There are 2 protein chains.
Amino acid sequence: MSRRSPHTLDGDLRDRIAARLGEGDLRFTRGREALVTVLALATRPLTIPEICAADDSLAASSAYRNLTGLEAVGVVHRIVTDAEFARYELAEGLTDHHHHHLICSRCGVVDDVEASPSLERAVHDAARAIARRSGFRMERHSVDLIGICANCSRRASSSAR
Amino acid sequence: MSRRSPHTLDGDLRDRIAARLGEGDLRFTRGREALVTVLALATRPLTIPEICAADDSLAASSAYRNLTGLEAVGVVHRIVTDAEFARYELAEGLTDHHHHHLICSRCGVVDDVEASPSLERAVHDAARAIARRSGFRMERHSVDLIGICANCSRRASSSAR
DNA sequence: ATTCGTGCAAATAGTTTGCAGCAGA
DNA sequence: TCTGCTGCAAACTATTTGCACGAAT
């Protein structure tokens, strides 16, 4: 069920990560590469227990420490919901794939969804207006849709359990 | 600096809160009234330490317990960011004042901003498309603008400190 | 070599909970 | 009255950190 991740990291992505690590005076160690590889393979943000389960060579304390460092240099992004664990995903600047989140209020799973251009434009317009009015300088935004995921609503409708 | 909140709760609001408490078999106690009063007086979501500081009669453990209960019956809403404390505000259904959040990544303060109609429409259109595609059933959404608040950027530009 | 990263175990801190007395209906 | 609420202190648990050893440059 758990194993060690192989060299499944795209060369270009790997280079950009190495560059950002270098700027922050962080070495490109096996542990950090394993973390990033697990996240790159995933299609949704993962919790630290999930990450460690995906790769036996990862210790939880180092995962916490490294993900904190990786976030500081802009390689990963931390998502905190009201679920018990925080979740991590590769930073958008690396995957250049801007997206928003579908958060299931029942099971806590977070899924990625593509951002539509019209939604993006609306958010940016709103942000500009707000900045002018209040002096707030926006760095990024997040749009979360909170509800019940397909899995949970399927499970609820079948009389199971 | 700290005190006890007076009867500063609008009658209509008070009634609606009492109704929701009743539906959940929760009594309208002094402590719960104090919590709600502090939140109603605030113009932004507050942390539990902030709430307790605003009213000496509130014990932290009861505040946690009551805010959890108040959230369950839809009187308050909990906002969790990556700051150290969670924040609470009155539920939107009570204030009928839909808004989004400006989150300062430097000091953690969260401010409310009015939601613009065009932004709302864009979010709802996006949600409908996603629901059709993936079976996710949206209950609510949140739009957060993350950046540097006016206070923090003012403090940074003046050479102070 | 020398500095930084790692894993383990112990510490920290926000939040939750058990319990005995008090208050709301 | 009688059940539910309160405050205190103790328990929980996600996350952080000290330390001694191993690895990256």
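Predicted, not measured: the structure shown is a model, and the values here were computed from it. Labels below follow one simple rule: chain letters A, B, ... track the order of the sequence lines, proteins then strands, and each chain is numbered from 1.
In this structure, B:Leu26 is a member of the same hydrophobic cluster as B:Leu13, with clusters built from ILVMFWY side-chain heavy atoms closer than 4.5 Å. Linking Ile, Leu, Val, Met, Phe, Trp and Tyr residues whenever their side-chain heavy atoms come within less than 4.5 Å places A:Ile48 and A:Leu39 in a single cluster.
Axis angle across the helix from C:dA1-D:dT25 to C:dA25-D:dT1, with five pairs used at each end and values rounded to 10°: 40°.
In this structure, A:Val113 and A:His99 have side chains that are not in contact, with every pair of non-hydrogen atoms separated by 4.5 Å or more. Side-chain contact check for A:His97 versus A:Glu114: some heavy-atom pair is nearer than 4.5 Å. Side-chain contact between A:Asp125 and A:Arg121 is present, with at least one heavy-atom pair separated by less than 4.5 Å. Counting heavy atoms from C-beta on, the side chains of A:Arg128 and A:Arg133 never come closer than 4.5 Å. In this structure the side chain of B:Asp55 reaches within 4.5 angstrom of the side chain of B:Leu58, judged on heavy atoms. Counting only heavy atoms from C-beta outward, the side chains of A:Asp12 and A:Arg16 approach each other to under 4.5 Å. Side-chain contact between A:Cys104 and A:Cys107 is present, with heavy atoms from C-beta onward closer than 4.5 Å. Put simply, the side chain of B:Asp111 does not reach to within 4.5 Å of the side chain of B:Cys149, judged on heavy atoms.
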Under 3.5 Å, side-chain donor or acceptor atoms of residues 137-147 of chain B against the rest of the protein: list the pairs with distances, not counting sequence neighbours.
residue, atom, partner, partner atom, Å
B:Glu139, OE1, A:Ser105, OG, 3.3
B:His141, NE2, B:His98, NE2, 3.2
B:His141, NE2, B:Glu120, OE1, 3.2

Which pairs would a plain distance check flag for residues 67-81 of chain A, meaning a side-chain donor or acceptor within less than 3.5 Å of a matching protein atom at least two apart in sequence or in another chain?
residue, atom, partner, partner atom, Å
A:Thr68, OG1, A:Tyr64, O, 2.8
A:Glu71, OE2, A:Arg78, N, 3.2
A:Arg78, NE, A:Tyr88, OH, 3.3
A:Thr81, OG1, A:Ala83, N, 3.0

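Nucleotides of DNA chain C nearest to A:Leu26 and B:Ser62 differ in position, and the one nearer the 5' end is that of A:Leu26.
Extent of DNA chain D lying under 4.0 Å from chain B heavy atoms, first and last nucleotide in 5' to 3' order, is D:dT3 to D:dA9.
Taking each heavy atom of A:Asp112 and A:Arg44 in turn, the nearest pair found is OD2-CA, 4.2 Å.
Atom CG of A:Asp25 is separated from atom C1' of C:dC4 by 11 Å (rounded to the nearest Å).
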What are the atom names and distances for every N/O pair under 3.5 Å that joins the protein to nucleotides 19-25 of chain C?
residue, atom, partner, partner atom, Å
C:dG24, N2, B:Arg27, NH2, 3.3

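A:Asn66 has no side-chain polar atom (N or O) that falls below the 4.0 Å cut-off from OP1 or OP2 of C:dG5.
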Completion exercise
B/S/- along nucleotides 9-14 of chain C (protein heavy atoms under 4.0 Å) is B----S
